[in-house]
Amino acid sequence: SGGWPTSGELTLSLPRWQKMAMRKQLVEYIEANSGFEDSEILCREKGWDHDALVGAIKSLQSEEQVTTEAMKREGWKLTGEGEDYCKNGSPEVQVFKYIKEKGSISNADLDAALGPVAKIGLGTCMKNKWVAIDKATKVCTASVDSVDDTVQKELASLSSLDKVKIEALKKRKLVATTSLTAFKVEKTDKFSSGDQKAVADLTAEMISKGTWSSTTFKPLNLVNASGVPSVGGHLHPLNKVKTEMRTVLMQMGFEEMPTNQWVESSFWNFDALFQPQQHPARDAHDTFFMEAPSRAQKIPEDYLQKVKEMHEKGGQGSIGWRYDWSEDEARKTLLRTHTTAVSARMLYKMGEEYRKTGVFRPKKYFSIDRVFRNETLDATHLAEFHQIEGFVADRNIGLPQLIGVLRDFFARIGISKLRFKPAYNPYTEPSMEVFGFHPILKKWIEVGNSGVFRPEMLLPMGLPEDVTVIAWGIGCERWTALLYNIRMIKELFSFQQDVAATKKNPMCWLRRAED
C-alpha cells in the first residue's frame, strides 16, 4: 500500500518458539557483524519479520547487550474505504458504470441499488459532467461514453504519488498516515553469544536446585524503586452537586430514569414532544446532528403514526400544527438537546403498561445527565452541560401541584422565596419560568423552567385522557457555579478548569431554607 505498519500494529503475541528463533538469528548476526545500520533494510535482505526483530532487539537492549538508535519514518496506507475503492473502483466511476449499464435510472432507484456509494459518487459525476439528471423526473443518464478511474489508479500506486495527490486522497479519507520505527544496533561489551537469556526474578526453584549460581540476572534498577507517591482522588464540584440533588429528589419520592443514551432520534427529542418540524430549535445552528449513524431505526410504528396524525390533524379538541409531517426528518439522529427525550420514552412506557394492564400507576421520575446544544460559548453557556429534570404523572394535578413541588424542591436546596412568570414552551401549556431570591447573592435569579405537558404530547402515548403530567428542569452547571462562586461556567466544565482548585473545593452541602 506504499506505507509501513505503525507501532500499534506490531505483533506483540508471537509464539515463544518464534521469539527464541528470532533472538538466536539476531545474536548470530550481531556476533558476526558487531551490529547493523538499519533494521528495516536488514529485514528486507534476510526476509525477517520486522515486528519479531524489534522484539528481539528490545530483549537484548533490556539486558544491556546492545545499544540502539531509533529512526522514525512516515508513510501512507489505505483506509478501509480506500481499500474498497482500490478493489471495486471509486464511487463516481461505480455510479457512472451503473447508469451507463442501465441506460437511465431514477435517483431513488440508484440510491437503493448502490446505497452510500450513490450518494458519494453522484455529486462527483455531476461535477465532472459525466451524468445528467432531469429536474422534472429525477432520472439520471450518462453524458459521456466512458471515463477513466484515476482515483483507483492512484490508490493502487501510493508510493509514486506527489504531495498534492496524496493530500487530495487524504481529504477524502481514503489514505491515512502511518509510521515505522527502524533501529540502528551496536553490541556492547556485555554482549554474549550464548543462548542463555538473563532473567529478572530469583525463584524458589532456582534456590532449591542451585541453578541460581549459573543463571544470568538482569541488572537491578533502584533509581525509582520508591515509586511515585500516591495521591487520593478528588470529587469534581459538578459530581458533588449532582449527588446532593439526587439525594434531595429521592427523599421527595422520585425514581431516577435511565439516561445513558446520548445519541437520540429527532423523533424522541422533538416530534414526540409535539414540537413542530419547522421549529427553530431543530436547525443545525442550534442542534448537533449526527453524520453516522444518520438515521434512527427502532421507533414503534404505531406510535409513530399517532404522532404524525397529531402533528398533521390534531385530535381530542386540538387542530395540530397542520403541515405535512416528514418521517425522514423525524428519523434524523442527533446529540440530545434535553433530557426531556428520556421523559418522553418513560411516559410512552407508562402508556404501554396502561394499554396492556388497563391500570394506570402514578409515577414521579427525575434525571440528571448531559445534554448538547450548538450554543455560542460565554460566561453562562456551554455546548454541553448537565440538566436536572423531573416530572409527576397523575390524575387531577395541574399548576397548583407543580408550584407545590417546586416550592418543596427549592426549599430543600436553600431557596424559600420563589416567583413564577408565564412563559412559552412548545410542549408545555401552561409554562412558567421560576425565579428565586438567592440568600448569598441577595438578588432574584432565574432558577428553572417548568410547565404542564400538552395533551397533544400525552395522548399518542396511550395514557388515559384524565392523566396530567407536570414537569420542570434546571441547569446543573449554573447552580454549581453559584454554590462555588465560580464566575464563568467554562472554568467549571471545560479544558479551562483549574484542577488544583478542584482538589481544594469544599464538599457541597445543600441546607433546607428557613421558612
Side-chain angles (χ1 to χ4, degrees), residues 233-252 254-264 268-270 273 281 286-288 290 334-346 364-391 405-406 409-410 412-415 425 427-428 433-434 436 438 445-451 471-499 501-502 505-510:
H234 302 277
L235 296 174
H236 191 282
L238 270 173
N239 285 339
K240 298 175 187 178
V241 173
K242 287 195 292 183
T243 299
E244 281 291 294
M245 294 288 190
R246 182 176 287 108
T247 301
V248 167
L249 288 162
M250 286 184 171
Q251 289 173 346
M252 293 175 64
F254 284 79
E255 300 177 52
E256 188 165 10
M257 296 182 277
T259 57
N260 56 344
Q261 187 169 317
W262 290 1
V263 176
E264 188 57 271
W268 289 107
N269 198 82
F270 295 123
L273 307 182
D286 284 328
T287 301
F288 292 110
M290 301 290 295
L334 47 80
L335 291 175
R336 67 182 180 205
T337 62
H338 47 199
T339 50
T340 314
V342 181
S343 299
R345 286 181 178 271
M346 296 304 296
K364 297 162 70 175
Y365 281 115
F366 81 94
S367 64
I368 305 176
D369 209 344
R370 194 174 303 188
V371 297
F372 308 84
R373 292 182 191 171
N374 198 356
E375 298 268 17
T376 301
L377 305 186
D378 57 30
T380 58
H381 293 85
L382 292 174
E384 53 180 309
F385 56 95
H386 294 79
Q387 191 173 54
I388 304 169
E389 177 170 328
F391 73 80
V405 170
L406 292 172
F409 171 75
F410 282 105
R412 290 171 184 260
I413 62 176
I415 293 183
N425 293 317
Y427 44 87
T428 59
E433 290 179 347
V434 187
H438 198 281
I445 59 172
E446 183 180 353
V447 293
N449 208 329
S450 64
W472 48 267
I474 66 174
C476 191
E477 275 78 3
R478 291 187 188 182
W479 199 254
T480 305
L482 288 171
L483 290 170
Y484 284 93
N485 196 26
I486 295 172
R487 186 174 62 88
M488 299 184 71
I489 289 181
K490 59 185 177 182
E491 295 175 6
L492 173 69
F493 185 59
S494 77
F495 67 93
Q496 296 183 1
Q497 179 194 346
D498 185 353
V499 177
T502 299
N505 276 330
M507 293 296 291
C508 170
W509 185 17
L510 300 176

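Taking CE of Met245 as the start and OG1 of Thr243 as the end, the distance is 11.0 Å to the nearest 0.5 Å. Distance check: Thr287 OG1 to Glu264 CD gives 12.5 Å after rounding to the nearest 0.5 Å. One finds the CD1 atom of Ile368 at 10.0 Å from the NE2 atom of His386 (value rounded to the nearest 0.5 Å). Taken to the nearest 0.5 Å, the CH2 atom of Trp262 stands 12.0 Å off from the CE atom of Met290. The line from SG of Cys476 to CD of Gln387 is 10.5 Å long, rounded to the nearest 0.5 Å.
By the 4.5 Å heavy-atom criterion applied to side chains, Phe391 and Met257 are counted as neighbours. The shortest side-chain heavy-atom distance between Phe409 and Val434 does not fall under the 4.5 Å cut-off. With contacts defined as side-chain heavy-atom distances shorter than 4.5 Å, the pair Trp472/Leu406 qualifies. Side-chain contact between Lys242 and Asn239 is present, with at least one heavy-atom pair separated by less than 4.5 Å. Contact check for Leu335 versus Val263: side-chain heavy atoms found under the 4.5 Å cut-off. Contact of the His338 side chain with the Leu273 side chain is registered, since non-hydrogen atoms from C-beta on lie closer than 4.5 Å. The side-chain heavy atoms of Ile388 and Phe366, taken from C-beta on, include no pair separated by under 4.5 Å.
Annotation for Met252 and Val405: closest pair CE-O, 3.9 Å, computed over non-hydrogen atoms. When all heavy atoms of Ile474 and Val447 are compared, the pair lying nearest together is CG2-O, 2.7 Å. Taking all atoms of both residues into account, the shortest heavy-atom contact from Val342 to Pro258 is CG1-O, 3.2 Å.
Under the rule for a side chain to side chain donor-acceptor pair (under 3.5 Å), the partners of Ser343 that lie at least two apart in sequence or sit in another chain are Glu389. Contacts of Phe270 classified as ring pair (Phe, Tyr, Trp, His ring centres under 6.0 Å), with partners at least two apart in sequence or in another chain: none. The salt bridge (charged side-chain N to carboxylate O under 4.0 Å, His left out) check on Glu255 picks up Lys363, with sequence neighbours excluded.
Remark: of the listed residues Thr339, Thr340, Asn269, Thr339 is the sole one forming a side chain to side chain contact (heavy atoms under 4.5 Å, CB included) with Val371.
Without hydrogens or angle criteria, Arg345 side chain to Trp268 main chain gives no donor-acceptor distance under 3.5 Å.
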Steps toward side-chain contact (heavy atoms from CB on, under 4.5 Å) verdict (Thr259, Arg336)
CA-CA 11 Å; Thr259 57; Arg336 67 182 180 205; 4.1 Å; yes
